[in-house]
Amino acid sequence: MLFYQPIVNSTSGNVERVEALIRWLRPGSSEPMLPDQFIRRAEATGLIRKIDCWVLERACRDAMGWLERDGRELSVCVNLSAVSIQQANMARIIADILERTKLPPRLLNLEITETAVIADPYAARRVLGEIVSLGVGMSLDDFGTGYSSLSYLKRFPIDTVKIDQNFVRDLAQGTNDGAIISAVISMARALKLRVVAEGVETEDQLAFLRRQHCETIQGFLYSRPLPAEEFEAVLATK
Ligand code: C2E
Ligand code: MG
Ligand code: MG
């Protein structure tokens with residue numbers, strides 16, 4: 001099933017986007033299994049293609065529901081695996097899902113990682129270019145943990161950089177993380193990219209990010225990932 005975690009404006013607290021995060025509910029187990037425990041294996045077996053398509057369709061359907069029922073223009077962010085990015089007909093698949101669900105393309109944002117494109121950057125660039133030309137947005141996830149390649153920032157059609165939670169987590173330790181975060185924020189601003197800081201858990205982290213003019217944050221401080229109905233209840237109060 002899909003859980004949803006709000007991505008909020010760091011000053012107003014308004015929910016601007018939402019990330020869809022998959023969970024595996026297995027018969028006989030009360031705790032849902034986290035993606036880190038099954039995504040890699042699903043990638044190795046190829047099952048990830050079906051999973052990514054299911055997630056896309058479910059997320060687009062839910063986002064269309066929030067738009068129709070509540071008039072909420074919420075962008076839904078969906079993680080795309082390396083396997084899907086290398087799939088030549090991925091843009092067609094996404095176009096079909098958008099058509100079926102009637103979700104305006106600008107309300108879908110796909111999250112990719114550098115490690116997912118590294119195997120074949122040229123093929124990935126073509127597929128991602130086709131996807132973006134549908135009007136869909138694109139985020140670079142976990143930025144700072146992979147190659148942090150500036151040429152990728154330039155060459156890939158992304159509109160958002162997500163600063164990995166590693167840097168946010170250790171902010172208070174007096175390490176270089178604060179310096180790295182402010183450098184990424186200024187670089188992103190210069191390139192006219194939106195920035196999301198992931199893994200924000202404390203008021204101190206939030207205060208630091210606000211001082212750095214980081215416009216959007218995601219993390220347990222605001223909300224954990226929630227089942228759709230619980231997420232909708234949170235939305236109703238904001
Ligand atoms: P991600 O895309 O970087 O997602 C953010 C992860 O950080 C999520 O873990 C989320 O629950 C967690 N998180 C959010 N706020 C906080 C916080 O304040 N503190 C801490 N400690 N963690 C926080 P999750 O849901 O376990 O997902 C792990 C990864 O699995 C995701 O990382 C993404 O790469 C992948 N994934 C999740 N859902 C999907 C999916 O539908 N399809 C594919 N292909 N991959 C997915
Ligand atoms: Mg993500
Ligand atoms: Mg991430």
Side-chain angles (χ1 to χ4, degrees), residues 1-10 13-23 34-36 39 48 51-67 70 72-82 84-85 90-91 93-95 97-98 101 103-117 124 127-128 131-132 134-146 153 156-165 168 188 193-200 214-228 230-232 234-235 238:
M1 66 184 285
L2 282 189
F3 274 36
Y4 289 102
Q5 186 179 33
I7 299 175
V8 305
N9 185 291
S10 63
N14 285 342
V15 183
E16 296 193 347
R17 296 179 175 191
V18 52
E19 181 170 7
L21 295 159
I22 197 169
R23 299 290 180 265
L34 294 170
D36 288 341
I39 290 288
I48 192 71
I51 294 178
D52 277 355
C53 286
W54 178 83
V55 171
L56 273 165
E57 180 125 14
R58 178 83 259 165
C60 288
R61 226 171 263 296
D62 284 342
M64 190 58 195
W66 302 322
L67 180 64
D70 319 322
R72 302 261 334 202
E73 291 243 342
L74 265 190
S75 284
V76 70
C77 304
V78 174
N79 295 284
L80 218 53
S81 74
S84 296
I85 291 165
M90 202 58 208
I93 291 173
I94 293 171
I97 290 173
L98 289 169
T101 59
L103 183 74
R106 67 190 153 76
L107 296 184
L108 175 62
N109 193 289
L110 299 172
E111 299 196 357
I112 59 160
T113 61
E114 289 173 296
T115 33
V117 299
V127 172
L128 297 178
I131 294 174
V132 163
L134 299 171
V136 169
M138 187 89 55
S139 302
L140 196 54
D141 206 353
D142 304 345
F143 190 74
T145 58
L153 285 184
F156 283 91
I158 54 163
D159 53 67
T160 303
V161 173
K162 297 188 80 172
I163 301 176
D164 192 75
Q165 46 184 279
V168 177
L193 300 170
R194 177 194 283 259
V195 181
V196 178
E198 296 189 284
V200 181
C214 177
E215 51 185 345
T216 27
I217 58 138
Q218 177 178 3
F220 296 169
L221 178 65
Y222 190 86
S223 168
R224 288 183 173 265
L226 300 168
E230 287 176 44
F231 168 71
E232 284 159 20
V234 169
L235 260 191
K238 303 291 174 189

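These numbers come from the heavy atoms of this one structure, side chains and all, not from hydrogens, waters or symmetry mates.
- Here Asp62 contributes atom CG and Glu57 contributes atom CD; the two are 11.0 Å apart, rounded to the nearest 0.5 Å.
- Residues Pro35 and Arg23 are in side-chain contact: their nearest non-hydrogen atoms beyond the backbone lie under 4.5 Å apart.
- To the nearest 0.5 Å, the span separating OG on Ser84 from CD1 on Ile93 amounts to 7.5 Å.
- Shown here are the ring pair (Phe, Tyr, Trp, His ring centres under 6.0 Å) partners of Phe143, two or more places apart in sequence or in another chain: there are none.
- Contact of the Glu215 side chain with the Glu16 side chain is not registered, since no non-hydrogen atoms from C-beta on lie closer than 4.5 Å.
- Under the 4.5 Å side-chain criterion, counting only non-hydrogen atoms from C-beta, Arg72 is in contact with Val15.
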After noting the C-alpha distance and the side-chain angles of Ile94 and Leu110, does the key distance pass the side chain to side chain contact (heavy atoms under 4.5 Å, CB included) rule? CA-CA 10 Å; Ile94 293 171; Leu110 299 172; 3.6 Å; yes
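- Note that CE of Met90 is 5.0 Å distant from CG of Leu80, once rounded to the nearest 0.5 Å.
- Side-chain contact annotation: Asn109 with Ser139, donor-acceptor N/O pair under 3.5 Å present.
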Could you go through the side chain to side chain contact (heavy atoms under 4.5 Å, CB included) check for Leu103 and Ile97 one step at a time? CA-CA 9 Å; Leu103 183 74; Ile97 290 173; over 6 Å; no
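- The structure places OG of Ser81 at 11.5 Å from CD1 of Ile112, a figure rounded to the nearest 0.5 Å.
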So Leu128 and Val117, side chain to side chain contact (heavy atoms under 4.5 Å, CB included) or not? Walk me through it. CA-CA 10 Å; Leu128 297 178; Val117 299; 4.1 Å; yes
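- Of all heavy-atom pairs spanning Leu21 and Gln5, the tightest one is CD1-OE1, 4.0 Å.
- Side-chain contact between Phe156 and Leu140 is absent, with no heavy-atom pair separated by less than 4.5 Å.
- Taking all atoms of both residues into account, the shortest heavy-atom contact from Phe3 to Pro225 is CD2-O, 3.4 Å.
- Looking at heavy atoms from C-beta onward, Asn79 lies out of side-chain contact with Ile22 at the 4.5 angstrom threshold.
- Side-chain contact annotation: Asp164 with Thr145, donor-acceptor N/O pair under 3.5 Å absent.
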In sequence, state the C-alpha distance, the side-chain angles, and the governing distance for Glu111 and Arg17, and then conclude on salt bridge (Lys or Arg N to Asp or Glu O under 4.0 Å). CA-CA 12 Å; Glu111 299 196 357; Arg17 296 179 175 191; over 6 Å; no
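- In this structure, Val18 and Ile7 have side chains that are not in contact, with every pair of non-hydrogen atoms separated by 4.5 Å or more.
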Candidate pair Val55 and Arg58, rule side chain to side chain contact (heavy atoms under 4.5 Å, CB included), full reasoning: CA-CA 5 Å; Val55 171; Arg58 178 83 259 165; 5.8 Å; no
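- How far CG of Leu108 is from CE of Met138: 9.0 Å, rounded to the nearest 0.5 Å.
- Taking the six-membered ring where the residue is Trp, Tyr4 and Trp66 present perpendicular rings, their angle passing 60° and hence far from 30°.
- Taking both residues in full, the closest heavy atoms of Met64 and Pro104 are given as SD-CD, 4.1 Å, listed atom of the first, atom of the second, then distance.
- When all heavy atoms are compared, the tightest approach of Leu98 to Val136 is CD1-CG2, 3.8 Å.
- Here the closest heavy-atom approach between residue Val78 and residue Ala59 is recorded as CG2-CB, 3.7 Å.
- Contact check for Leu107 versus Glu73: side-chain heavy atoms found under the 4.5 Å cut-off.
- With Asn9 contributing its side chain and Thr216 its backbone, the two residues share no donor-acceptor pair below 3.5 Å.
- At distances below 3.5 Å, at least one donor-acceptor pair connects side-chain atoms of Ser10 with backbone N or O atoms of Cys214.
- Interatomic distance, CD of Glu198 versus CG of Asp142, reported as 5.5 Å (0.5 Å rounding).
- The side-chain heavy atoms of Leu67 and Leu74, taken from C-beta on, include no pair separated by under 4.5 Å.
- The shortest heavy-atom contact between Leu134 and Ala91 is CD1-O, 3.5 Å.
- For the side-chain contact (heavy atoms from CB on, under 4.5 Å) with Arg194, the lone residue among Ile158, Asp159, Thr160 that qualifies is Thr160.
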